[in-house]
Amino acid sequence: MVRTPLTPEERERGERLGRLLREARGSRSMNEVATVAGLSAETLRKIETGRAPTPAFFTVAALAEALGLSLDEVLARCSPLPA
């Protein structure tokens with residue numbers, strides 16, 4: 001299967017999500033947060049570094065819950081910036 005290349009806006013949104021997750025994780029380890037969210041630490045690492053800029057909704061929801069973030073906050077912080 002060939003994936004459609006991501007737009008610059010999608011890449012930027014993924015980078016914002018990664019920054020938000022790193023900030024919210026604080027001093028907790030990737031392993032700790034990933035385990036609570038039911039993910040691998042490698043999946044979390046890829047999202048935080050922008051190598052997986054479009055994670056599935058349920059992945060984002062699990063991470064938000066593990067980090068004490070509301071989905072509204074994630075949406076607000078990761079939505080496209082106004083032009």
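Only this structure's heavy atoms are used, side chains among them; waters, hydrogens and symmetry mates stay out.
Arg13 pairs by the side-chain hydrogen bond (donor to acceptor under 3.5 Å, both in side chains) definition with nothing, not counting sequence neighbours. Remark: Thr7 pairs with Glu9, Glu10 by the side-chain contact (heavy atoms from CB on, under 4.5 Å) rule, at least two apart or across chains. Partners of Glu32 according to the side-chain hydrogen bond (donor to acceptor under 3.5 Å, both in side chains) rule, which considers only residues two or more places apart in sequence or in another chain, do not exist here. Residues that satisfy the side-chain contact (heavy atoms from CB on, under 4.5 Å) test with Phe58, not counting sequence neighbours, are absent from this structure. Residues passing the side-chain contact (heavy atoms from CB on, under 4.5 Å) test with Ala37 are Leu39, Ala62, Leu63, Ala66, sequence neighbours excluded. Partners of Arg19 under the side-chain hydrogen bond (donor to acceptor under 3.5 Å, both in side chains) rule, at least two apart in sequence or in another chain, are Glu12.
In this structure, the side chain of Arg16 engages the main chain of Ser79 through a donor-acceptor pair within 3.5 Å.
Taking each heavy atom of Leu20 and Arg77 in turn, the nearest pair found is CD1-NH1, 3.2 Å. The two residues Ala52 and Pro55 have their closest heavy-atom pair at O-CD, 3.4 Å. Nearest heavy-atom pair across Leu17 and Cys78 is CA-SG, 3.4 Å.
The line from CG of Leu69 to CD of Glu23 is 10.0 Å long, rounded to the nearest 0.5 Å. Of the inter-residue distances, the one linking Leu44 atom CG with Lys46 atom NZ reads 12.0 Å to the nearest 0.5 angstrom.
For residues 49-76, the set of pairs meeting the side-chain hydrogen bond (donor to acceptor under 3.5 Å, both in side chains) definition, not counting sequence neighbours, comprises Glu42-Arg51.
With a 4.5 Å cut-off on side-chain heavy atoms, Leu67 and Arg28 count as touching.
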